Novice: 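Here it is, the structure, as structure tokens.
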Amino acid sequence: MKLLILILLLAVCRAVQAQQIGLIANTDGRKTISLDGQWQTIVDPYESGYYNYRYQPSDNGYFKNAKPKSKTDLIEYDFDSSATLNVPGDWNTQSDQLFFYEGTVWYKKSFDYPRKPDTRLFVYFGAANYFADVYLNGEKIGQHEGGFTPFNFEITKLVRDTGNFLVVKVDNKRRLDAVPTLMTDWWNYGGLTREVKLIETPATFVHDYLIQLQKGSRQRVSGWVKLVGEKLSQRVTVRIPEAGISKTVNTDAHGFAEVDFNAELKLWSPESPKLYDVTIEAETDQLRDHIGFRTIETKGTDILLNGRPIFLHGVCIHEEAPLRGGRAYSREDARTLLGWAKELGANFVRLAHYPHNEFMIREADRMGILVWSEIPVYWTIQWENAATLENARNQLGEMIARDKNRAAVVIWSVANETPLSDARLTFLKNLISHARSLDATRLMSAAMERHYINDTTQMIDDPLGEYLDVLGCNEYVGWYDGLPEKADRLEWRSKYQKPLVMSEFGGDALFGHHGDAGARWTEEYQESIYHHQIAMLKKIPFLRGTSPWILTDFRSPRRPLPNIQDYWNRKGLISNRGEKKKAFYVLQQWYKQL
Ligand code: GCB
């Protein structure tokens with residue numbers, strides 16, 4: 001009997017969660033109420049707010065936010081007298097005690113919300129690293145896996161006019177079957193690392209849309225709109241006033257309509273990052289966005305932007321906050337990082353190794369910087385685990401759902417330095433076709449490895465190359481692979497007639513540490529790597545892009561060397577304090593010539 005009740009309960013829980021709709025696109029264009037600021041938190045290394053002493057999920061966990069009702073009541077936690085953490089923000093850099101912490105922290109935020117008739121309410125998380133269990137007023141409303149993509153849950157029926165409490169259990173324990181897995185070369189910053197907000201919508205609303213140029217066309221805008229709610233069949237008008245466009249379509253019984261029209265548009269490019277005001281007007285909802293229009297394709301070994309060959313001269317960036325360290329999360333952070341990339345002469349950034357916050361993409365759109373965006377399928381993933389694949393597909397889907405209307409994004413990448421095997425190829429092929437089914441317009445890539453076929457010849461022949469549009473390749477000639485001069489002797493070959501982006505190269509230098517060019521960790525050694533690399537890169541006939549590793553120093557638990565690394569990967573062209581190293585100027589000089 002007990003078992004039956006349990007099964008029934010599970011089924012009901014599933015049903016409640018299944019009703020959740022997917023990611024709400026363009027939260028910028030919506031009425032939102034920010035939940036950023038101080039949240040009450042409880043650090044819970046043993047997860048005793050979740051499991052009872054028999055290690056079974058407890059009905060009375062911290063999510064109940066219980067208070068003693070009498071002086072005899074025994075309750076062993078209290079959010080309201082616990083420490084607070086700022087949201088957005090990682091916990092590691094907000095408290096010395098949490099610097100190396102990997103485990104569970106409970107977050108609680110109270111809010112009032114005067115409910116309005118005929119509206120729906122969602123709670124939206126920009127990201128929570130890594131697992132999030134979310135509860136409102138003591139009830140579970142959903143869970144999410146993956147530390148770098150947004151998610152939302154509907155709370156229309158649960159929210160009260162006053163005294164709501166939102167509780168989130170965030171757990172950043174690394175796991176072998178997760179994406180990423182146990183081993184990474186970046187800090188596992190935990191917490192509610194991006195903004196949290198309430199989103200209010202009409203009862204039937206524009207849930208998502210795609211408004212982009214059709215692949216291969218510079219006039220034809222092609223896409224779709226999707227409504228969610230009761231009144232699914234509606235007239236929806238897409239307007240681009242500046243281009244004189246007003247196109248009305250009727251959504252079908254599922255709330256879906258395709259949108260196609262010709263338009264004379266000034267195309268988006270790094271030189272002229274033109275964004276148009278676009279409005280989507282349904283009978284019950286209206287939404288506004290700023291959208292750029294451009295095409296991206298490949299032809300032989302060329303990458304074509306708006307039909308013309310382009311060289312992607314860029315740099316890799318981690319989502320490490322400039323100057324203060326910790327996760328970057330704000331528009332100001334994005335402006336600083338992308339501003340430095342511009343100063344370097346970049347027209348392109350590789351956002352490593354996971355989807356960055358939305359400000360980065362929106363600012364890249366405004367500043368005219370092309371973006372490579374990727375998911376954390378990094379090093380050793382459990383290729384044969386179906387749940388791991390599902391998780392990677394989901395993170396890929398959420399990345400594309402959020403950013404598919406951004407002109408800046410030209411490349412989706414599915415993996416970084418993954419070791420060759422049949423299982424890995426099957427896994428990555430699955431991701432590539434999934435991405436293509438969600439977005440047919442962008443280029444697919446992956447950062448691969450290469451190998452030597454003799455002492456001086458580097459070969460790109462990873463079987464994955466066959467399924468990519470752009471080959472990505474990481475190499476550390478001069479750092480992990482020989483000394484800087486080794487680059488002078490190398491010849492590069494590829495099995496594929498496709499463009500290559502050298503997606504990583506570089507070496508470590510501590511800012512202000514000087515010596516001769518043969519001494520590791522000095523700015524001179526790093527400078528020498530860049531001199532030799534640039535000379536080598538110029539000779540690769542099919543090279544169409546570069547994103548050296550990396551714009552700024554970033555924290556990594558793998559880098560303990562005292563007085564040099566101190567848990568920072570020092571391959572930055574700029575230090576963690578914003579100081580430019582010598583190699584910055586070497587690269588800048590090359591990029592300014594391009
Ligand atoms: C790589 C990885 C990157 C590391 C870098 C390094 O190949 O892709 O995540 O941080 O090397 O510094 O070793």
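Remember, predicted model here, so these are calculated numbers, not experimental data. Both ligands and their constituent atoms are indexed starting at 1 by order of listing.
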Novice: Give the atoms of ligand 1, by number and element, whose distance to some non-hydrogen atom of Tyr480 is under 4.0 Å.
Specialist: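 In order of number, 6 (C), 12 (O), 13 (O).
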Novice: Within the structure, does Trp379 bring an N/O atom to less than 3.5 angstrom of an N/O atom in ligand 1?
Specialist: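 No, no N or O pair falls under 3.5 Å.
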Novice: In terms of residue, atom name and distance, what is the protein heavy atom nearest to atom 2 (C) of ligand 1?
Specialist: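 Heavy-atom neighbour on the protein nearest atom 2 (C) of ligand 1: Glu504 OE1, 3.2 Å.
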Novice: Checking His513 against Phe511 for the ring-ring contact (aromatic ring centres under 6.0 Å, His included) test, could you report, in this order, the C-alpha distance in whole Å, the side-chain angles of both residues, the deciding distance, and whether it holds?
Specialist: CA-CA 6 Å; His513 185 46; Phe511 174 79; over 10 Å; no
Novice: Suppose I only count heavy atoms of Asn474 and a 4.0 Å limit; which atoms of ligand 1 are within that range?
Specialist: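 Contacts of ligand 1 toward Asn474, numbered from 1: 8 (O).
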Novice: Under the criterion ring-ring contact (aromatic ring centres under 6.0 Å, His included), which of Trp479, Phe505, Trp590 is the partner of Tyr530?
Specialist: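 Exactly one option meets the ring-ring contact (aromatic ring centres under 6.0 Å, His included) with Tyr530, and it is Phe505.
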Novice: Test your reading of the model: is there a side-chain donor-acceptor pair from Arg294 to the backbone of Ala407, 3.5 Å cut-off?
Specialist: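 Pair found, side chain donor or acceptor close to backbone of Ala407.
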Novice: Could you check whether any side-chain heavy atom of Gln593 comes within less than 4.5 Å of a side-chain heavy atom of Tyr591, counting everything from C-beta outward?
Specialist: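 Contact flag for Gln593/Tyr591 side chains = no.
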Novice: Would you please determine whether Tyr378 falls within less than 4.0 Å of ligand 1 on a heavy-atom basis?
Specialist: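 Yes.
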Novice: Can you list the atoms of ligand 1 that are under 4.0 Å from a heavy atom of Arg559?
Specialist: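 So the answer, numbered in order with elements, is 6 (C), 12 (O), 13 (O).
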Novice: Indicate whether any N or O donor in one side chain lies under 3.5 Å from an N or O acceptor in the other, for Gln395 and Asn391.
Specialist: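 A pair is found: one side chain offers a donor N or O, the other an acceptor, under 3.5 Å apart.
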Novice: Which of the listed options, Asp185, Asp508, Thr184, Asn416, holds the heavy atom that is closest to atom 4 (C) of ligand 1?
Specialist: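 When every heavy atom of Asp185, Asp508, Thr184, Asn416 is considered, Asp185 comes closest to atom 4 (C) of ligand 1.
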Novice: Give the numbers and elements of all ligand 1 atoms closer than 4.0 Å to a heavy atom of Lys571.
Specialist: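 With Lys571 as reference, the close atoms of ligand 1 come out as 6 (C), 12 (O), 13 (O).
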Novice: Looking only at protein heavy atoms, identify the closest one to atom 7 (O) of ligand 1 and say how far it is in Å.
Specialist: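 Checked against all protein heavy atoms, atom 7 (O) of ligand 1 sits closest to Glu417 OE2, 2.2 Å.
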Novice: Number the atoms of ligand 1 from 1 as they appear, then name those within less than 4.0 Å of a heavy atom of Phe554, with their elements.
Specialist: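 Answer for ligand 1: 10 (O).
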Novice: Using the six-membered ring of Tyr329, assess whether NZ or CZ of Arg324 lies under 6.0 Å from its centre and within 45 degrees of the ring axis.
Specialist: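 Ring-cation test returns yes.
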Novice: Tell me yes or no: between the side chains of Ser556 and Asp185, is some donor less than 3.5 Å from an acceptor?
Specialist: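 Yes, a side-chain donor-acceptor pair sits under 3.5 Å.
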